[in-house]
Amino acid sequence: MKKSIKFIIAIVVAIATAVIPCAGHVMASNSIQEGAEAARAEGMPAELIGDGGVINQFTNIVLYIVGFISVVMLIWGGIRYIISGGDSKKITDAKNTILYAILGLIIVFFAYAIVNFVLNAIGAQTTPESAEQASLFLTQFIA
């Protein structure tokens, strides 16, 4: 008798475990979208891709921050080079700082170009001016 009750409870729990997530997903499908719309503040982008999209804004912010840090490190490397006083260890460290800052800037420029290329490839609409400016800058940078 105890085994049959445990068996019935196990079956009921298994069925409930299988059915409850499905029912919850069906009931929550509308409420998730409504919750996302309610959480979005005025002026906040609703699209993930595109000119004002979240992905584009996020990548632009990250690229600007990394670019700013690279420029600051380039300046810092120049200052270290100037005040090295002929010490070969300090000169080498300063040159490495400058080299890595320049590599950081190159990576930022290529990351910007790659992000715009991928967004254009998946169908995001970008302004022709921004794409033209990026390609013009890259051709001038490479040449």
Side-chain angles (χ1 to χ4, degrees), residues 3 5-143:
K3 287 185 178 182
I5 291 176
K6 287 183 181 180
F7 182 71
I8 292 172
I9 291 174
I11 290 176
V12 170
V13 169
I15 291 172
T17 304
V19 170
I20 289 175
C22 296
H25 179 68
V26 169
M27 290 187 301
S29 63
N30 288 336
S31 63
I32 290 173
Q33 184 62 33
E34 291 170 2
E37 292 295 325
R40 186 166 46 87
E42 190 172 317
M44 189 175 195
E47 300 295 323
L48 284 178
I49 55 175
D51 285 337
V54 175
I55 294 174
N56 197 8
Q57 288 181 357
F58 176 76
T59 55
N60 284 341
I61 289 169
V62 169
L63 291 174
Y64 287 138
I65 290 171
V66 172
F68 176 75
I69 291 170
S70 294
V71 169
V72 168
M73 292 306 295
L74 183 63
I75 293 169
W76 176 247
I79 291 171
R80 286 177 63 192
Y81 188 76
I82 291 170
I83 63 172
S84 65
D87 185 11
S88 63
K89 170 91 169 94
K90 289 181 181 180
I91 290 174
T92 303
D93 290 343
K95 284 182 179 181
N96 284 340
T97 302
I98 293 170
L99 174 70
Y100 295 139
I102 291 172
L103 286 175
L105 284 173
I106 292 170
I107 289 170
V108 166
F109 292 136
F110 281 123
Y112 178 76
I114 290 169
V115 166
N116 282 333
F117 175 76
V118 169
L119 289 177
N120 286 334
I122 62 173
Q125 298 295 325
T126 60
T127 61
E129 299 154 356
S130 65
E132 184 178 312
Q133 288 173 352
S135 64
L136 179 64
F137 178 77
L138 284 175
T139 54
Q140 288 175 353
F141 183 74
I142 292 172

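Position 1 is the first residue of the sequence; numbering continues from there.
A distance of 9.5 Å separates OG1 of T92 from OH of Y81, quoted to the nearest 0.5 Å.
For the pair S84 and I91, the tightest heavy-atom approach, listed with the atom from each and the gap, is OG-CG1, 3.2 Å.
Listed by chain and number, the residues in a side chain to side chain contact (heavy atoms under 4.5 Å, CB included) with L99 are L103 (sequence neighbours excluded). Scored by the side chain to side chain contact (heavy atoms under 4.5 Å, CB included) test, L63 finds V108, A111, Y112 as partners (sequence neighbours excluded). Residues meeting the side chain to side chain contact (heavy atoms under 4.5 Å, CB included) test with V72, sequence neighbours left out: F68. Every residue meeting the side chain to side chain contact (heavy atoms under 4.5 Å, CB included) condition with I75, not counting sequence neighbours, appears here in chain and number order: V71, I79.
A side chain to side chain donor-acceptor pair (under 3.5 Å) check over residues 65-77, counting only residues at least two apart or in different chains, returns nothing. Annotation: side chain to side chain donor-acceptor pair (under 3.5 Å) contacts involving residues 93-111, sequence neighbours excluded, comprise R80-T97, K89-D93.
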